[in-house]
Amino acid sequence: MTEELVVHGLEWTTKQLFVYPNEFIYWSIQIVMYPYMTGLVAGAFVLSSLYHVFGQEDLKDMARFSLVFSLALLPVAMMPLMYHLQQPLRGINVMFTPHFTSAIAAFGIVFSTYALIVISEIWFVYRKYFVEQVAELKGKDDFGSRFMSVLYTILTLGAFDISDAAVAKDKKAVKILAAIGIPVACFLHGYAGFIFGSVKANALWMSPLMPVIFIMSAIVSGIALCMITYIAIMEWKKFKAILARGMGDQSVLHIRGVEMDVVKKASRYLLGFLVAAISLELLDLIFRGYTAMKSWDILREVMYEEDFVKIFILQYGLGNLLPFILLLLPKLDIKRTVVALLLILFGVFMMRWNVVIGGQAFSLSFAGFMHYHIPFWPHNLETYKEGVFGALTVAATPFAIFWVINKVVPSLRYD
Amino acid sequence: MSYSRRDLLKKTLAGTIAASVPLSAFKFLSPAQVKASIGDANVRWAFVVDTQKCVGCGLCVKACKNENEVPYDAPVTRTWVERYVVTKDGKTHIDSPMGGRDGFTDGKIRDKEILPEDISKAFFVPKLCNHCETPACVQVCPVGATYQTKDGVVLVDRKWCIGCGYCIMACPYGVRFFHPVHKVAEKCTFCYHRITKGLESACVAACPFGARQLGNLKDHDDPVAKIIMNERVAVLKDEYGTKPQVFYIGLDTNVR
Ligand code: SF4
Ligand code: SF4
């Protein structure tokens with residue numbers, strides 16, 4: 001193949017029956033990752049707000065952690081877009097010449113607003129801690145301590161007052177920010193849904209329900225990811241405690257107790273949002289069948305034949321129904337929760353996949369189909385970016401970022 | 001040299017006007033072309049495709065690829081020709097291998113042999129960007145790289161396109177693709193670089209049968225405008241509300 005013939009999409013698209021010549025799967029795995037990661041950000045934030053705004057005391061530990069985690073996820077929401085752009089260096093143009101009739105353009109603005117809210121909220125939550133750290137590190141003069149001391153001094157932004165009155169004010173600020181943050185987080189993700197829902201040329205995407213469906217499944221996936229990361233960290237702590245003090249030690253039992261308690265409560269919220277998400281998706285499905293527009297013939301064929309396994313077995317069956325049952329059955333334990341959570345994360349991923357890839361599975365001619373074969377082993381930049389490894393890079397990044405942030409703002413300090 | 005504000009304004013205005021009339025405007029051009037070349041709103045380029053005249057030779061596709069530097073062997077193209085074969089059992093068979101670039105000489109449609117005696121009718125439909133009145137592609141472009149000129153032509157600014165593909169998704173006609181070399185959104189421009197200089201578009205010039213015509217909808221003496229006003233023409237996928245400006249003579253319900 002000559003260099004000139006690198007036709008975007010040719011590598012991973014196969015065509016069946018009559019498809020227009022220029023049609024390929026143009027939006028591939030990174031555009032699946034994009035709403036998935038954005039959804040995780042929004043979901044993590046909503047989870048943390050349950051405590052900050054609605055005072056769900058039982059979620060306190062989880063809330064702090066998910067707030068910081070949503071900060072770690074934040075830059076990653078943009079990453080798949082950058083991976084996907086044919087001209088990534090020009091991505092910033094969206095900020096210079098935003099074109100307000102375009103849903104993607106306004107996304108940049110909503111995203112920045114949201115980022116500001118998350119960062120300020122975290123600052124208010126941890127301000128007291130920063131000040132305390134500065135005091136604690138005073139006088140120590142190894143390099144690490146000196147570095148951290150300077151860092152924390154900068155982070156306080158000069159606000160050293162930690163009197164009760166000042167701290168109470170911080171708390172109030174957190175509450176207000178969290179309250180504003182909920183609609184903005186929903187908007188952020190609803191917006192991602194709008195990017196698809198407003199494409200009138202695409203019969204599968206074109207639905208006013210798309211933004212709401214996206215928000216609900218975002219919250220579901222966000223909560224699930226926070227829970228699972230929380231469990232992983234607690235298990236690690238437990239493991240360390242066992243190593244240090246032995247199985248039956250008081251601290252081990254205590255960690256275990258706290259963990260189960262938080263997990264049980266969080267899973268109740270999770271179930272609630274899961275029900276909402278599934279109902280909306282089913283509503284959309286039934287509505288399409290009932291109204292049976294011109295496009296229904298091809299949609300039905302994609303849903304019930306071409307993509308049946310992906311939609312009904314993997315997404316609804318494995319990703320929704322099974323974890324639903326697992327979480328609902330009595331005597332919930334950590335192992336079962338973990339399985340259910342992983343399945344839920346998988347289910348939401350499949351939902352994104354089925355929307356993004358499924359939406360391109362049929363030709364605009366309504367007379368043919370296209371299939372996406374995700375590149376596995378990359379042999380050039382394009383097959384890396386739009387292939388399995390590109391997606392894995394995106395998926396792994398938030399954990400790396402979280403690890404770094406957590407060094408500065410310990411979200412799971414156990415005291 | 002000192003200017004009063006008034007002078008400066010006058011000179012700027014005169015300069016702007018002078019600068020916006022390219023040299024080509026001093027050649028002998030029709031008034032429509034002169035207007036178009038300075039982006040006049042009294043010009044609305046529109047296209048007429050006569051499916052009854054098209055024989056599926058593919059000369060237009062070849063000419064377009066050469067004129068607009070779309071890699072010749074790449075399976076993407078700014079314009080293409082579809083073949084429709086309706087058999088006596090009521091089935092419609094459609095194909096457009098390589099956009100119909102090499103003509104349709106094969107009796108097979110996607111590896112299926114269709115016997116002449118089974119055919120009830122067959123025809124060809126050339127496709128291209130419709131340069132819609134309310135283009136979905138312009139609406140969604142996040143940076144404004146896809147834009148509409150005053151004379152109705154929809155263009156892509158290759159220097160500004162970020163390559164997100166949103167416009168490709170938004171166009172109901174599937175005419176857009178990523179240029180294999182420039183890596184930006186690409187599609188038919190009605191040969192804007194030619195028509196604003198008074199030339200015919202490459203495909204119109206290449207068609208030996210007059211199946212394609214390009215003209216000014218706002219000029220009532222224009223032959224193309226006359227066809228659109230006076231004959232029975234149809235557009236593709238009217239239901240999307242993009243108001244396409246490529247009009248077809250002899251469209252069939254089988255056409256997608
Ligand atoms: S046919 Fe498609 S690309 Fe051309 S103007 Fe209309 S919406 Fe845009
Ligand atoms: S691919 Fe280019 S022209 Fe198309 S919407 Fe994106 S930036 Fe605009």
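Worth knowing before you read on, the calculation uses all heavy atoms, side chains too, and leaves out hydrogens, waters and symmetry mates. All chains are named by letter (A, B, ...) in the order of the sequence lines, taking the proteins before the strands, and each is independently numbered beginning at 1.
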Heavy-atom distances under 4.5 Å only: say whether [X] touches chain B with side chain, backbone, both or neither.
X        : answer
A:Phe100 : neither
A:Leu89  : neither
A:Ser363 : neither
A:Val199 : side chain
A:Ile195 : both

Out of [options], which one racks up the most heavy-atom pairs below 4.5 Å with chain B?
options                            : answer
A:Leu81, A:Asn202, A:Val94         : A:Val94
A:Ile31, A:Leu17, A:Val19, A:Ile92 : A:Leu17
A:Ser365, A:Gly9, A:Pro88          : A:Ser365
A:Gln86, A:His8, A:His84           : A:Gln86
A:Lys200, A:Lys294, A:Gln360       : A:Lys200

Practice task
Name the region of B:Ile168, side chain, backbone, both or neither, that has any atom closer than 4.5 Å to a heavy atom of chain A.
Solution key: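 Side chain only.
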Exercise for the section: Please flag which part of B:Lys187 lies under 4.5 Å from any non-hydrogen atom of chain A: side chain, backbone, both or neither. Expected result: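 B:Lys187 has no heavy atom closer than 4.5 Å to chain A.
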Problem - Charged N-O contact under 4.0 Å between A:Glu23 and A:Lys15 - result: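 Salt bridge: no.
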Practice task
Using a strict cut-off of less than 4.0 Å between a Lys/Arg side-chain nitrogen and an Asp/Glu carboxylate oxygen, indicate whether B:Glu82 and B:Arg256 qualify as a salt bridge.
Solution key: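 A salt bridge is absent here (no side-chain N lies under 4.0 Å from a carboxylate O).
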With distance as the sole test, does [X] use its side chain to make a donor-acceptor pair with the main-chain N or O of [Y] at under 3.5 Å?
X        : Y        : value
B:Thr51  : B:Val125 : no
B:Thr149 : B:Val153 : yes
B:Thr189 : B:Leu155 : no

Handout entry: Mutual orientation of the aromatic rings belonging to A:Trp205 and A:Trp27 [parallel < 30°, tilted 30-60°, perpendicular > 60°]
Key =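 Parallel, since the angle between the ring planes stays under 30°.
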Exercise for the section: Check whether the side chains of B:Arg176 and B:Thr146 place a donor and an acceptor atom closer than 3.5 Å, and report yes or no. Expected result: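 Yes, a side-chain donor-acceptor pair sits under 3.5 Å.
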Which one of [options] has the most heavy-atom pairs closer than 4.5 Å to chain A?
options                                : result
B:Lys159, B:His93, B:Met98             : B:Lys159
B:Phe177, B:Tyr166, B:Tyr240, B:Phe178 : B:Tyr166
B:Cys141, B:Ala145, B:Gly100           : B:Cys141

Problem - Heavy-atom neighbours of A:Tyr290 OH exceed 12 at 6.0 Å - result: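 Open.
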Practice task
Please report the shortest heavy-atom distance between B:Ile162 and A:Leu85, naming the atom on each side.
Solution key: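 So the minimum-distance heavy-atom pair works out to O-CB, 3.6 Å.
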Exercise for the section: Would you check if the distance from the ring center of A:Tyr384 to the ring center of A:Phe389 is below 6.0 Å? Expected result: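 Ring centres of A:Phe389 and A:Tyr384 not closer than 6.0 Å.
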